[in-house]
Structure formats: C-alpha cells, structure tokens
Amino acid sequence: MKITSMSLYAIRLPLKQPFVISYHTYNDMPSIIVKLETDEGFIGYGEAVPDEHVTGETWESTFHLLKNTLGPSIIGENPLQIERIHERMNKVAYGVPAAKAAIDIACFDLIGKKLGQPIYQLIGGRYHDEFPITHVLSIGEPEKMAREAAERVQMGYTSFKIKVGTDVMQDVNRIKAVYESVKNDAVIRVDVNQGWKTSAAALKGIRALQSIDIDWLEQPVLADDIDGMAFIRSKTDLSLMIDEGLKGQREMKEIISKNAADRVNIKLMKCGGIQPAVKLAYQAELAGIECQVGSMVESSIASSAGFHVAFSKKNITSVELTGPLKFSKDVGDLKYDVPFIRLNGQPGLGIVVDESILEELTVFKDHIS
C-alpha cells in the first residue's frame with residue numbers, strides 16, 4: 001500500500017460558546033484536516049489543531065508546511081511503516097508536532113482500515129472499557145462557573161476541570177465557588193495553563209486552597225519551568241500535573257529525573273501523533289507516572305485518535321477529549337454516551353467523516369500528489 005495523494009482542508013470549527021483559558025479566548029477552533037488516499041483505494045483522515053502559545057505553530061503555517069514540506073515527503077510511502085513515516089517527517093522539519101500529528105493519525109486510520117482493526121488493537125489492544133468524561137469550565141465569574149457545574153452534575157457529570165490562570169486570589173474564589181457547588185457530587189481538577197507563572201505565586205494559590213479537596217493541579221507555572229514544578233512538588237502534597245511543559249521524550253526524561261510531577265498530560269498535538277504518544281505513555285509507566293490524554297479542543301478526528309491511545313494503556317487513567325461536545329457542527333460522528341465515552345470497535349479511527357460539512361467549514365484547501 002502506498003500513499004498517492006494528500007488533500008488539505010483549513011477549517012474553523014464553530015463553538016457553542018467561547019472557550020476561555022488563561023492565555024486566549026477562542027470563538028471558534030482553527031483546524032487543518034488531512035485526507036490521505038492510497039493506491040489500494042483506502043482513505044485515512046488526520047487532523048492538526050496548532051496552538052502558537054504551546055507549540056509555536058499557527059493555523060496558516062501548519063497548512064503551508066503540510067502542503068510544501070511534510071506532505072511531499074510521505075507521498076509514495078507505505079503508511080504501515082509508521083516509524084519510517086516519522087523518520088521521513090523528522091528529516092525535513094524539526095518540531096512542528098501538530099502538523100506531524102495530522103499525518104500520523106491519517107496513517108493509523110489507513111492501517112486500521114487496511115487490516116480491518118480499530119487503532120487501539122494496533123498499539124497494544126484494548127485495556128479500558130470506558131472513561132468518564134470531565135466537563136471543562138471556561139474562565140468566568142465564580143457564580144457563573146459554579147452554576148454551570150451544578151447544571152452539569154444534573155446531566156450526570158462526576159468530574160470537572162476548572163480553567164483559571166488570571167489573578168491568583170480571583171482564581172481561588174472561582175475554585176472555591178465551584179467546589180462548594182459540587183463537592184458532594186463530583187471531583188474537581190484545576191488547570192492554570194501557566195497563568196500563575198512563578199512557583200511563588202503557585203504556592204500562594206495552593207496554600208489558599210488547603211481546605212479544598214482538589215484531585216490535581218495542572219501546570220501552574222510557565223511551560224519551560226520544570227525546575228519550578230519540582231520545587232512546588234517538594235513543598236506540597238497536592239498532586240501536580242504537567243501539561244504544556246511536556247511535549248516529547250526529552251521533556252519527559254527531565255520531568256522524571258527531577259521528580260517534577262505526579263501526572264502528565266499527553267496531547268497528540270504536542271508530541272506528534274499516536275506513535276509518539278504511545279512512546280510517552282511507556283516512558284511514564286517505567287517511572288510510575290500516571291497519564292492523561294488531553295486535547296487542543298479537536299474535532300471527532302483527532303479526539304478519536306486520542307481515545308484510541310487512552311483505551312490501550314493501563315497507566316492512562318483519565319481523558320479530556322471533549323472538543324466534539326463543544327462544537328455546534330463537527331466533521332465527524334464520534335459518539336459520546338455522556339458522561340462516558342466508549343469506543344465502537346470499527347476499523348481505523350472508527351468514525352465517518354461528513355465531507356459535505358468538511359467542505360462547508362473549509363476556508364481554504366489544496367491537494368498534492
């Protein structure tokens with residue numbers, strides 16, 4: 001089987017409501033959809049959701065890199081040889097993990113369809129039967145966030161991620177309001193998205209929250225400050241998760257050597273796709289670190305890919321892949337059984353891409369062969 005062509009679609013996924021985190025407000029989500037075709041008639045879909053704040057990639061740069069550099073490097077290659085595909089991409093471009101993830105995901109979709117197997121069977125087999133879905137609360141007024149959490153409890157949600165990262169004490173008020181609203185019905189996790197910046201500010205926030213039962217605190221300091229995470233961890237028994245500070249194997253090695261986290265958040269867009277994500281999970285397992293698979297608020301395509309990784313690994317104990325639940329229109333048909341996610345066992349990604357919606361959401365596109 002050989003890859004014969006690649007089609008690219010730069011789309012904007014419409015959100016039901018703005019998604020607000022410490023460093024940006026998203027009114028829609030820019031995404032690049034990759035469609036690979038082969039000489040045997042199989043079609044595979046992948047997705048890149050770049051974030052200039054996390055990986056330095058933009059929507060526009062990712063499109064042009066895929067068109068002019070990464071795409072041409074894998075035309076004629078066999079998608080079954082996924083290690084070789086990554087080698088080819090790494091030779092022509094350094095970094096750019098979201099762009100590489102799009103091709104990686106599309107290749108795995110092709111492999112699964114060729115072999116008649118879901119992707120999780122290709123990377124270790126299914127371990128988990130289901131995962132509870134965590135509802136993510138955008139930054140807002142404390143009362144509004146608490147009210148939204150209470151409403152979601154009525155829908156069956158049992159865990160919440162609270163987005164914070166503005167002023168430390170304002171964030172403490174947000175966290176306390178949500179906690180008081182759902183403390184008897186759900187667990188809460190707090191994601192600062194680097195917003196507290198320094199270890200001193202993070203410790204101030206942690207000390208103000210000592211009376212609150214928090215499942216874990218995620219990325220309070222700047223991404224590159226792994227030393228800061230290690231320092232915070234030495235001063236508190238609150239479980240700490242690294243997100244933006246983990247991209248690939250180099251960062252994972254440093255996190256392990258410095259005992260900088262209890263948990264890590266693996267995202268396909270940060271590490272380069274399914275194959276690199278699996279390697280990170282194994283690396284973490286050797287160090288006794290639990291993992292989560294998160295997302296950049298992706299469509300059904302990349303969300304499905306993340307779920308396949310999560311379902312196949314024992315030490316991946318939570319998921320936060322809720323992009324499709326946030327969109328008013330999506331290009332795929334990933335099914336959630338809220339408040340759970342269960343995969344359907346169909347070959348490849350296990351989803352159907354609606355090309356009419358794909359065309360409708362496309363801002364610009366191209367094709368190479």
Side-chain angles (χ1 to χ4, degrees), residues 31-32 34 46-58 61-62 65-66 70 74 82-109 119-120 122-124 191 193-194 218-219 223-224 226 229 241-257 260-261 263-287 289-298 301-313 315-321 323 349:
S31 170
I32 309 293
V34 165
E47 179 178 17
V49 180
D51 189 331
E52 55 266 48
H53 304 281
V54 178
T55 68
E57 300 165 278
T58 68
S61 70
T62 299
L65 187 73
L66 282 163
L70 293 179
I74 55 97
I82 192 67
E83 197 77 9
R84 178 181 170 88
I85 293 286
H86 276 278
E87 181 184 45
R88 296 281 296 174
M89 293 193 292
N90 291 336
K91 280 184 177 179
V92 298
Y94 175 78
V96 294
K100 291 172 180 174
I103 290 175
D104 169 281
I105 293 166
C107 285
F108 269 101
D109 194 26
I119 290 171
Y120 59 74
L122 311 176
I123 54 175
D191 187 3
N193 285 119
Q194 310 176 68
E218 185 173 344
Q219 198 65 55
D224 292 338
I226 292 175
M229 288 292 291
M241 176 183 282
I242 287 183
D243 177 4
E244 289 93 340
L246 170 66
K247 296 177 180 66
Q249 290 177 298
R250 181 183 63 79
E251 292 88 358
M252 182 71 87
K253 182 180 179 181
E254 185 179 358
I255 290 164
I256 293 168
S257 67
R263 294 176 167 89
V264 293
N265 196 357
I266 297 171
K267 293 180 179 177
L268 273 59
M269 298 302 132
K270 293 187 304 176
C271 69
I274 293 170
Q275 182 83 338
V278 169
K279 291 180 179 181
L280 287 178
Y282 286 136
Q283 196 176 358
E285 184 178 34
L286 289 171
I289 295 176
E290 288 188 26
C291 303
Q292 172 174 281
V293 175
S295 83
M296 301 290 203
V297 191
E298 301 144 2
I301 294 173
S303 296
S304 297
F307 280 128
H308 279 277
V309 174
F311 272 81
S312 72
K313 296 290 165 275
N315 69 320
I316 296 177
T317 55
S318 62
V319 294
E320 284 177 1
L321 296 149
L349 289 170

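Computation of the quantities below employed the complete heavy-atom set of this structure, encompassing side-chain atoms and omitting hydrogens, waters and symmetry-equivalent molecules.
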What's the separation between atom CD1 in Ile316 and atom CD in Glu290, rounded to the nearest 0.5 Å? 11.0 Å
Main-chain N/O of Lys253 paired with Ser257 side-chain donor or acceptor, under 3.5 Å: yes
Does a side-chain heavy-atom distance below 4.5 Å link Ile274 with His308? no
Taking the side chain as every heavy atom from C-beta outward, state whether Val54 and Lys267 have any pair of such atoms under 4.5 Å apart. no
Heavy atoms, side chains only, cut-off 4.5 Å: are Asp243 and Gln292 in contact? no
Count the heavy atoms belonging to other residues, nucleotides or ligands that lie under 6.0 Å from CG of Asn90, then report whether that count exceeds 12. yes
Show the nearest heavy-atom pair for residues Met229 and Ile242, with the distance to one decimal. CE-CG1, 3.4 Å
Are any non-hydrogen side-chain atoms of Val34 and Glu47 less than 4.5 angstrom apart? no
Could you check if a side-chain atom of Val49 sits within less than 4.5 angstrom of a side-chain atom of Ser31, using non-hydrogen atoms only? yes
Do you know which two heavy atoms are closest between Ala281 and Ile266, and how far apart they sit? N-CD1, 3.8 Å
Grab the two heavy atoms, one from Gly323 and one from Val297, that are nearest each other, plus how far apart they are. CA-CG1, 4.0 Å
Any donor and acceptor pair, going by atom type alone, linking the side chain of Gln194 with main-chain N or O of Ala223 inside 3.5 Å? yes
Begin from the C-alpha positions of Lys270 and Asn265 and carry the test side chain to side chain donor-acceptor pair (under 3.5 Å) through to its verdict. CA-CA 10 Å; Lys270 293 187 304 176; Asn265 196 357; 5.7 Å; no
State the CD1-CG distance between Ile119 and Asp109, to the nearest 0.5 angstrom. 5.5 Å
Where is the tightest heavy-atom contact between Phe108 and Ile123, given as atom of each residue plus distance? CE2-CG2, 3.9 Å
Taking the side chain as everything from C-beta on, heavy atoms only, tell me whether Thr62 gets closer than 4.5 Å to Val96. no
How long is the span from the SG atom in Cys291 to the CE atom in Met252, to the nearest 0.5 Å? 5.5 Å
For Gly273 and Ala101, the nearest pair of non-hydrogen atoms, with its separation, is N-CB, 3.6 Å
Rounded at 0.5 Å granularity, tell me how far CE in Met241 sits from CG in Asp191. 8.5 Å
Are the side chains of Glu57 and Pro97 in touch, meaning some heavy atoms are under 4.5 Å apart? yes
Looking at Asp104 and Lys100, would you say the former's side chain and the latter's main chain have a donor-acceptor pair under 3.5 Å? no
Has Ser303 got a side-chain atom pairing as donor or acceptor with Glu298's backbone, closer than 3.5 angstrom? yes
Gln275 (side chain) donor-acceptor with Glu83 (main chain) under 3.5 angstrom: no
Rounded to the nearest 0.5 angstrom, the CZ-CD1 distance for Arg84 and Ile74 is 12.0 Å
Using every non-hydrogen atom in the two residues, find where Leu66 and Ala99 come nearest and quote the distance to one decimal. CD2-O, 3.5 Å
Do Met269 and Thr55 have side chains that approach each other closer than 4.5 Å (heavy atoms only, starting at C-beta)? no
First locate atom CG of Leu321, then atom CG of Leu268, and finally report the distance between them rounded to the nearest 0.5 Å. 8.5 Å
